[in-house]
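Step one of this worksheet: look at the structure below.
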Amino acid sequence: LSTYSVELLASVKRGSGQPLRRQIEDQLRRAIRSCTLKLGSPLASTRDFARQLGVSRPVVVQAYAQLAAEGYIVIKRGARPRVARCIGSCRQRGARRQTTISSPKVDFRPASPDLSAFPRSAWLRSLRAALATMPNDAFGHGDPMGEEALRQVLAEYLGRVRGLVADADRLVVVNGHTHGRGLVCRMLKAAGVKRVAVEDPCQPGLPAAVESAGLKVLPIPIDCDGIDVHALYRSPAEAVFLTPAHQFPIGAVMSGERRTAVLGWLRDRDAIAVENDYDAEYRYDRPPVSALQALEPDRIVYEGTTSQTLAPALQLAWLVVPPALLATARRDQDDYGWGAPRIEQYAFADFLLRGELDRHLRRQRASYRSRRDALLQALKKSLPEATVCGISAGLHATIAFPKADDERAIQREAQRRGVAVSTLSQSEIIHRARPPMLVLGYANVNEATIGVGVNELAAAVRAARLRRPVSN
Ligand SMILES: Cc1ncc(COP(=O)(O)O)c(C=O)c1O
């Protein structure tokens, strides 16, 4: 029997007319039914619980015995009492979820890099170095804008790798991309922006984030050169969200002409752009293009993240903010207390300084290129009628099917075969005439599994065609 003591949130009222034993039983029963106490979780020993409540031990013994008789808890000699793992009458949400979610055999949804490639040893070295060198003060609340040590090396890295105009003072370290995106929306609102143009299709979740800051979303179509700048001019937008290095999800790289046109629009309208550079470190068959921010640093907010280069688990991302918006960023970070974890920031600074990110990216580029090539080969063999785009960079490809196909039906059939894919409609704001399309992330699937997954996908496409209603 382990000796740690379990705290339980409960109390008793003397003189309430209800026996103390009943009060304890009722509270535990309620907590178990409402999932506050989870199935299988440990309970305090009768001795500890009696001490916590200030009652005699037999009162708790009787209450536990009653709950055990009802099947809510399990009492075994020599073991800590526990909430039962399965309770006939209790419908705990978590328990039901566990039985309905089954993970796919092949997951092509575009969400993460190769999770098995996380550089554990190098990260551990940096974490150790951080813990060994952080002054005692660094374990307190830090600067909510981020650690100076990290901002300095990040500014150097971003200048070197992405051509960014970024000194440390413009950098804000945030708790992952989603936090950064929310902060950007609030900064736009505070700057007086009311209407925000968003590439359509775009990252799912972006329109809702813009709206939840009280801003109006204006969907702007894109083509294979990037956002439609004529449509941008026709709109009353005062800001625009862009993914110039690798449009999400189509995969287009914004052309030189389009970049010039976007910069012209920014100046003509005195507008602000938000550049999401989420996977720009990965490019395969094209020369690097610098971040757009480098060309108009006082009108562009830059968003970067470790989510695609290292792992979403780190939840470390950053913004490079034009000077005019910095005060709002600081106020927001102060108000919400959302500075990123300091120990990880020190570790990441060490990781960058040692050149570990550069090393990791060199290795991963080669690996992702092989995975991408395996995907292309498998598609050519099993689905020759599909057109593939967006593959010169990033970690996902977009696959267009003949017009008569139905992307949702293909997704459903693929799911039945254990293959998870995303449809383009999941990223659309407005549905426009276009071929059916799937978005396939290949970074977290090894080459052999890519082949298996594409075979299953081809079977799913055929099955979806067979189920199609015959039109006259
Ligand atoms: C367009 C885009 N931006 C940003 C991210 C990073 O988001 P997160 O940190 O939530 O994984 C992703 C991840 O897939 C993405 O597709």
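Both counts, for ligands and for their atoms, begin at 1 and track the order of listing.
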Could you walk me through whether R299 and D270 pass salt bridge (charged side-chain N to carboxylate O under 4.0 Å, His left out), step by step? CA-CA 8 Å; R299 295 182 196 278; D270 194 17; 2.7 Å; yes
Under the side-chain hydrogen bond (donor to acceptor under 3.5 Å, both in side chains) rule, what pairs show up with a residue in residues 184-199, not counting sequence neighbours? R186-D332, R195-E238, E199-T243, E199-Q247
Which pairs count as side-chain hydrogen bond (donor to acceptor under 3.5 Å, both in side chains) when at least one residue sits in residues 208-226, sequence neighbours excluded? D223-R258
With hydrogens left out, which residues have an atom under 4.0 Å from ligand 1, given that only heavy atoms count? P110, A111, H177, T178, Q203, F248, N276, Y278, S307, Q308
Salt-bridge present (R371, D114; N to O < 4.0 Å): yes
Sorted by chain and residue number, the side-chain hydrogen bond (donor to acceptor under 3.5 Å, both in side chains) partners of D200 (sequence neighbours excluded) come out as R432
Taking the ring of F248 and the ring of H396, is the distance between their centroids below 6.0 Å? yes
